[in-house]
Amino acid sequence: QVQLVESGGGLVQAGGSLRLSCTASGRTFSTYVMGWFRQAPGKEREFVAGIGRTGSSTYYADSVKGRFTISGVNAKNTVYLQMNSLNPEDTAVYYCAAGIGWVVAQNSDVEYWGQGTQVTVSS
């Protein structure tokens, strides 16, 4: 079984940046496709970014494309989410996710979830 632990969340002013990290234990990232989701209060959990098994392919929600970058280091069992140009609409709990299919782009693709890390962007 894979356990995912996120870190790097916090409070940041609009226009600022944060870098989230997700570290996996139990299995290596090479077994899974990885991604990030987020959930704001009262909202559905939504896809943010995903990365292929080799790290050569990345994909993003339209709302974050050009501002967020997902990357992974399989040897360290770690995936990152670099978030730039943050705005208050990015405020949410961010979840690391692992799946066994081709992509992790919706809840049904996910086999393992991290515990979440809070990101709050002030105006």
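Residues take their numbers from the sequence shown, with the count starting at 1.
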Are any of the side-chain heavy atoms of Trp36 and Val79 separated by less than 4.5 Å? yes

Does the Thr91 side chain pair with the main chain of Val121, one donor and one acceptor, at a distance under 3.5 Å? yes

Spacing of Tyr112 atom OH and Ile100 atom CD1 [to the nearest 0.5 Å]: 8.5 Å

Quick one: closest heavy-atom pair of Val64 and Val48, and the distance? CG2-O, 3.4 Å

Closest non-hydrogen atom pair, Ala98 against Met34: CB-SD, 3.5 Å

Spatial distance of atom CD1 (Ile51) from atom OG (Ser71) [nearest 0.5 Å]: 6.0 Å

Rounded to the nearest 0.5 Å, what separates atom CG in Leu18 from atom CG in Asn84? 9.5 Å

Could you check whether any side-chain N or O of Gln39 sits under 3.5 Å from a backbone N or O of Glu44, counting only pairs where one atom can act as donor and the other as acceptor? no

What distance do Phe68 atom CZ and Ser63 atom OG have between them, rounded to the nearest 0.5 Å? 7.5 Å

Examine Val93 and Val5 and state if one hydrophobic cluster contains both, with Ile, Leu, Val, Met, Phe, Trp and Tyr joined whenever side-chain heavy atoms are less than 4.5 Å apart. no

Not counting sequence neighbours, which residues clear salt bridge (Lys or Arg N to Asp or Glu O under 4.0 Å) with Glu46? List them please. Arg38

If you measure from OH on Tyr80 to OG on Ser7, what distance do you get to the nearest 0.5 Å? 9.0 Å

Does Leu11 CG have over 12 foreign heavy atoms under 6.0 Å away? yes

Once salt bridge (Lys or Arg N to Asp or Glu O under 4.0 Å) is applied, do any residues pair with Arg67, and if so which ones, sequence neighbours excluded? Asp90

What's the separation between atom OG in Ser25 and atom CD in Gln1, rounded to the nearest 0.5 Å? 9.0 Å

Under 4.5 Å between any side-chain heavy atoms of Tyr94 and Leu81, yes or no? yes

Does Glu6 reach the main-chain N or O of Thr117 with its side chain, forming a donor-acceptor pair under 3.5 Å? no

With side-chain contact (heavy atoms from CB on, under 4.5 Å) as the test, would you mind laying out the steps for Asp109 and Val103 before giving the verdict? CA-CA 7 Å; Asp109 297 322; Val103 298; 4.2 Å; yes

Over all heavy atoms of both residues, which pair between Ser122 and Pro88 is shortest? Give the atoms and the distance, please. C-CG, 4.5 Å

pair Met83-Val119: side-chain heavy atoms closer than 4.5 Å: yes

Are side-chain heavy atoms of Arg45 and Asn107 found at a separation under 4.5 Å? yes

Sidechain-backbone polar pair: Tyr60 side chain, Ile70 backbone, donor-acceptor under 3.5 Å: yes

Determine whether Leu4 and Trp113 make a side-chain contact, defined as any pair of heavy atoms from C-beta on separated by less than 4.5 Å. no

Taking only residues two or more places apart in sequence, or in another chain, which ones meet Phe47 in a ring-ring contact (aromatic ring centres under 6.0 Å, His included)? Phe37, Tyr59

